[in-house]
Amino acid sequence: MCGIVGYIGNKQAYPILINGLKRLEYRGYDSAGIAIFNGDLNVYKKQGKVQELVNFTKSKNTQGTIGIGHTRWATHGEPNDTNAHPHVSGNGRLTLIHNGIIENYALLKEALKKEGHTFQSETDTEVLVHLIEELQTRENLKIEEAVRVALSKVIGAYAIVVIDREDPDKLVAARKASPLVVGIGEDEFFVASDPTPIAEFTQKVVFLNDEEIAVVTRDGDLQIKSIENEIQNPFIQELDIKIEEMEKGDFEHYMLKEIYEQPKTVADCMRGRVNAAEGWIKVGGVDTCKDRIFNANRFIIAACGTSWHAGLIGEYLFEELARIPVEVEYASELRYRNPIINEKDVVIALSQSGETADTLAALEMAKSKGALCYGIVNNVGSSIARLTHAGSYIHAGPEIGVASTKAFTGQVTLLSMMAIHLGYERGTIPRSYYLQLLEELENIPNKIDRLLKNAQKQIEFIAGEIKDAPNALYLGRGYNFPIALEGALKLKEISYIHAEGYPAAEMKHGPIALIDENMPVIVIATNKSAYEKIVSNIQEVKARKGKVIAIVKEGDSIIREIADYTIEIPDTDEPLTPLLSVIPLQLLSYHIALMRGCNVDQPRNLAKSVTVE
Ligand code: F6R
């Protein structure tokens with residue numbers, strides 16, 4: 001949600017800001033803007049993609065070695081040039097970019113109006129920059145002090161960067177509940193919402209904590225203070241982000257690249273953690289709090305969206321293999337209930353970004369109730385990773401496509417490893433089955449690879465056949481029910497076709513009324529258990545003239561006879577099926593979206609990393 005980038009150093013800021021915004025565009029893409037100081041402060045803003053801003057600034061003065069840039073996902077005020085960031089204070093002295101929501105902006109705005117402030121935009125952000133200006137002028141404060149005092153009056157979430165034209169050799173940045181990272185280069189600093197715009201310049205970073213204010217100066221000084229005015233010791237971390245991981249390479253879209261990366265990302269997730277030949281599995285995070293995890297009364301999995309679907313698979317895995325009761329919760333619901341959680345519970349947060357506001361808040365609540373909090377996260381150093389007592393990274397590398405793909409399979413791989421590990425250690429699966437699962441886990445990357453090679457043409461063909469359908473139904477049983485939900489989500493988010501996922505047997509309790517010759521029904525039918533049941537469900541759809549696209553195991557001739565189209569996936573042990581059955585659904589939605597002319601990587605209204613509630 002909104003991308004922020006700032007630069008101060010000896011280089012020209014403009015290319016750094018623009019390239020940074022392009023890298024951050026997946027966080028929001030309704031408008032973009034930059035401010036660059038060069039004796040004077042030049043602010044350029046444009047509705048639309050970063051490219052619009054680039055076109056607009058071609059004939060402008062973009063010289064300067066200090067600047068800030070922003071790509072917006074609108075909350076307050078429609079996407080237009082005026083509401084785009086940066087926002088400038090009434091006296092023209094301060095320029096600010098912001099990610100988050102200032103919840104008490106209306107009250108603050110009224111008070112500021114009484115002091116004579118007038119506003120150009122409908123945004124909460126403009127209120128904040130006027131508030132800082134008001135305090136700075138009234139009390140004659142240095143910019144960092146004015147920011148600190150202003151933020152103590154603000155309710156809500158923010159990551160901000162401010163430039164003061166009267167004090168132009170510094171950037172002032174602050175965060176609360178919205179991510180912000182400071183990059184430390186040679187005689188230069190970067191500030192950004194996430195490390196992607198920074199990684200090509202430096203891998204040395206400091207992730208700001210909530211209610212911290214950082215000041216970086218041209219002469220190489222970095223100072224961090226709390227909002228209570230206490231000096232903090234910066235914790236400098238080394239990133240391990242490779243530039244090629246952030247590029248599209250030869251692929252037309254990030255989403256396609258990320259789908260095709262899955263043989264590697266699943267293998268990376270298992271690297272050093274599974275060894276079938278030697279018969280061991282290690283999940284470091286689990287071992288650091290073994291007692292509490294092994295003796296937990298129950299696991300509560302909290303997540304949103306695609307990560308929630310991975311969590312649902314976690315429920316099937318932990319209950320079947322480790323015999324641990326599991327509840328899977330939408331983080332947004334969990335946080336506002338008054339749930340019964342105590343120190344015998346383990347709360348597992350699943351999040352690609354590690355920044356999702358609801359997941360973060362649910363975790364904070366669970367932590368305050370004494371639960372052990374475990375994070376399964378992709379982004380290293382993210383807020384969830386830092387908040388949890390223990391956790392495991394999925395090592396999928398940067399996921400740029402807004403529709404999550406490789407992070408999902410990474411999460412499911414991690415959950416599978418945990419469940420197999422716990423099942424064996426708790427004695428709920430025999431050694432023979434344990435070894436078989438380890439071997440099968442190690443085979444998964446090759447099987448994904450084979451599936452991607454073999455099914456590509458057939459999936460493209462089927463996409464062409466159903467691309468004009470206004471609706472689609474996804475059905476699955478057992479481990480494939482969450483895959484039905486995920487397949488439906490992938491289709492709706494990038495192709496704007498209305499789609500629903502259902503447990504196959506539930507179809508009779510309502511959705512069957514929707515089925516006619518225009519309704520594609522995608523049935524994930526790779527089950528070993530309840531195979532006959534899913535065959536009956538397909539027959540029921542066919543009896544009503546529905547068009548059946550079935551995902552089946554290689555060599556399944558029974559379903560091939562009755563379905564309109566089949567897509568074959570390699571066989572595997574049932575608990576690991578989701579790692580394969582999701583792949584054709586990702587590709588199917590990709591090709592349908594492409595054929596419908598949709599923007600696959602930046603679907604309308606969506607943004608990666610939902611840092612507001
Ligand atoms: C869908 C998608 C979203 C995210 C959700 C949670 O393709 O990407 O549904 O899964 O916003 O995000 P994270 O995993 O970052 O917490």
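In this text, all values refer to a predicted model and were calculated from it rather than measured experimentally. By convention here, the first residue in the shown sequence is residue 1.
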Min side-chain heavy-atom separation Thr306-Leu489 under 4.5 Å
yes
Verdict with supporting geometry, Ser383 and Arg175, side-chain hydrogen bond (donor to acceptor under 3.5 Å, both in side chains)
CA-CA 11 Å; Ser383 301; Arg175 77 154 266 177; 3.2 Å; yes
Is any side-chain heavy atom of Ile524 closer than 4.5 Å to one of Leu585?
yes
Reported CD-to-CZ distance for the pair Glu329 and Arg335, which is rounded to 0.5 angstrom:
14.0 Å
Side chains of Ile592 and Ile497, heavy atoms from C-beta outward: is any pair under 4.5 Å?
yes
Check step by step if side chain to side chain contact (heavy atoms under 4.5 Å, CB included) holds for Ile559 and Ile538.
CA-CA 8 Å; Ile559 296 180; Ile538 294 175; 3.7 Å; yes
May I ask you to say whether Glu554 pairs ionically with Arg450, meaning some side-chain N is under 4.0 Å from a carboxylate O?
yes
Side chains of Ile448 and Ile444 in contact at under 4.5 Å (non-hydrogen atoms)
yes
Between Glu540 and Arg544, does at least one N-O distance fall below 4.0 Å, as a salt bridge requires?
no
Ignoring hydrogens and angles, tell me if any N or O in the side chain of Thr388 forms a donor-acceptor pair with the backbone of Tyr374 under 3.5 Å.
no
Within the distance-only criterion (no hydrogens, no angle test), does the side chain of Glu399 pair as donor or acceptor with the backbone N or O of Ala407 below 3.5 angstrom?
yes
Atom NZ of residue position Lys369 - does it have more than 12 heavy atoms of other residues, nucleotides or ligands inside 6.0 Å?
yes
Summary of ring pair (Phe, Tyr, Trp, His ring centres under 6.0 Å) pairs that have at least one residue in residues 489-510, sequence neighbours excluded:
none
Would Gln352 and Ser307 satisfy side-chain hydrogen bond (donor to acceptor under 3.5 Å, both in side chains), going step by step from the backbone distance to the final call?
CA-CA 7 Å; Gln352 187 286 126; Ser307 297; over 6 Å; no
Decide yes or no for Pro584 and Leu451: does some side-chain heavy atom of the first lie under 4.5 Å from some side-chain heavy atom of the second?
yes
Checking Asp124 side chain against Ile102 main chain: does a donor-acceptor pair fall under 3.5 Å?
yes
Using the side-chain hydrogen bond (donor to acceptor under 3.5 Å, both in side chains) rule, take Asn480 and Ser581 through it: C-alpha gap first, then chi angles, then the decisive distance, then the call.
CA-CA 8 Å; Asn480 281 329; Ser581 55; 2.9 Å; yes
Within the supplied structure, the quantity of interest is the number of heavy atoms (other residues, nucleotides, ligands) at a distance under 6.0 Å from Asn233 CG; does it exceed 12?
no
salt_bridge(Lys290, Asp287) N-O dist < 4.0 Å
no
Looking at CG of Leu321 and CG of Leu422, how far apart are the two atoms once the value is rounded to the nearest 0.5 Å?
9.5 Å
Donor-acceptor pair, distance only, cut-off 3.5 Å: does the side chain of Lys264 make one with the backbone of Pro445?
no
Show every side chain to side chain donor-acceptor pair (under 3.5 Å) that has at least one partner inside residues 291-302, sequence neighbours left out.
Arg298-Glu327, Arg298-Asp345
Is Lys447 reaching over with its side chain to a backbone N or O of Asp571, donor-acceptor style, under 3.5 angstrom?
yes
Can you check whether Ala403's main-chain N or O pairs, donor with acceptor, with Glu493's side chain at less than 3.5 Å?
no
Taking every non-hydrogen atom, the tightest pair across Ser351 and Ile384
CB-CD1, 3.7 Å
Judged by atom type as modelled, is there a donor-acceptor pair below 3.5 Å linking the side chain of Gln203 to the main-chain atoms of Ile241?
yes
Quick one, Val600 with Gln602, criterion side chain to side chain contact (heavy atoms under 4.5 Å, CB included). Give me CA distance, side-chain angles, the key distance, then yes/no.
CA-CA 6 Å; Val600 173; Gln602 294 171 353; over 6 Å; no
Once rounded to the nearest 0.5 Å, what's the spacing between atom CD1 of Ile4 and atom CG of Leu24?
9.0 Å
Testing the basics here: between Gly100 and Ser178, what is the closest heavy-atom pair and its distance to 0.1 Å?
CA-OG, 3.9 Å
Is the backbone of Val266 close enough, under 3.5 Å, to the side chain of Lys406 for a donor and an acceptor to pair up by distance?
no
Measure from the side-chain N and O atoms of Gln232 to the backbone N and O of Glu230, and report whether any donor-acceptor pair falls under 3.5 Å.
yes
Which atom of Leu350 lies closest to which atom of Thr359, heavy atoms considered:
O-CG2, 4.2 Å
If you draw a 6.0 Å radius around CZ in Arg337, do more than 12 non-hydrogen atoms from other residues or ligands fall strictly inside?
yes
Spatial distance of atom CZ (Phe318) from atom CD1 (Ile301) [nearest 0.5 Å]
5.5 Å
Please round to the nearest 0.5 Å and tell me the distance separating atom CD1 of Ile522 and atom CD1 of Ile483.
14.0 Å
Do Trp73 side-chain atoms and Asn605 backbone N/O form a donor-acceptor pair below 3.5 Å?
yes
Please name the residue in the list Ile551, Leu491, Val521, Val523 that meets the side-chain contact (heavy atoms from CB on, under 4.5 Å) test with Tyr474.
Leu491
Would you please test Ser404 and Gln411 for side chain to side chain contact (heavy atoms under 4.5 Å, CB included) and show each step?
CA-CA 11 Å; Ser404 184; Gln411 290 165 338; 5.7 Å; no
Which heavy atom in Leu579 sits nearest to a heavy atom in Val582, and how many Å separate them?
O-CG1, 4.3 Å
Return each pair, listed once, that meets ring pair (Phe, Tyr, Trp, His ring centres under 6.0 Å) where at least one residue sits in residues 377-427; pairs must be two or more places apart or across chains.
Tyr424-Tyr434
Between Gln436 and Asp573, does the side-chain hydrogen bond (donor to acceptor under 3.5 Å, both in side chains) criterion hold? Intermediate values first, please.
CA-CA 9 Å; Gln436 181 184 319; Asp573 280 303; 2.7 Å; yes
I'd like to check Ile569 versus Ile583 (side-chain heavy atoms, cut-off strictly below 4.5 Å). Are they in contact?
no
dist Tyr479:OH -> Leu576:CG (nearest 0.5 Å) comes out at 8.5 Å
Close side-chain approach of Asp601 and Tyr29, heavy atoms under 4.5 Å
no
Could you pull out the closest heavy-atom pair between Ile400 and Tyr26, with the gap in Å?
O-CB, 3.2 Å
Using the side chain to side chain contact (heavy atoms under 4.5 Å, CB included) rule, take Arg27 and Asn99 through it: C-alpha gap first, then chi angles, then the decisive distance, then the call.
CA-CA 10 Å; Arg27 300 179 70 96; Asn99 172 19; 4.0 Å; yes
Looking at Glu506, I want to see if its CD is surrounded by more than 12 non-hydrogen atoms of other residues, nucleotides or ligands under 6.0 Å.
yes
List the atom of Ala174, the atom of Leu208, and the distance in Å for their closest heavy-atom pair.
CA-CD1, 4.4 Å
State, with a plain yes or no, whether a side-chain heavy atom of Ile420 is found less than 4.5 Å away from one of Met417.
no
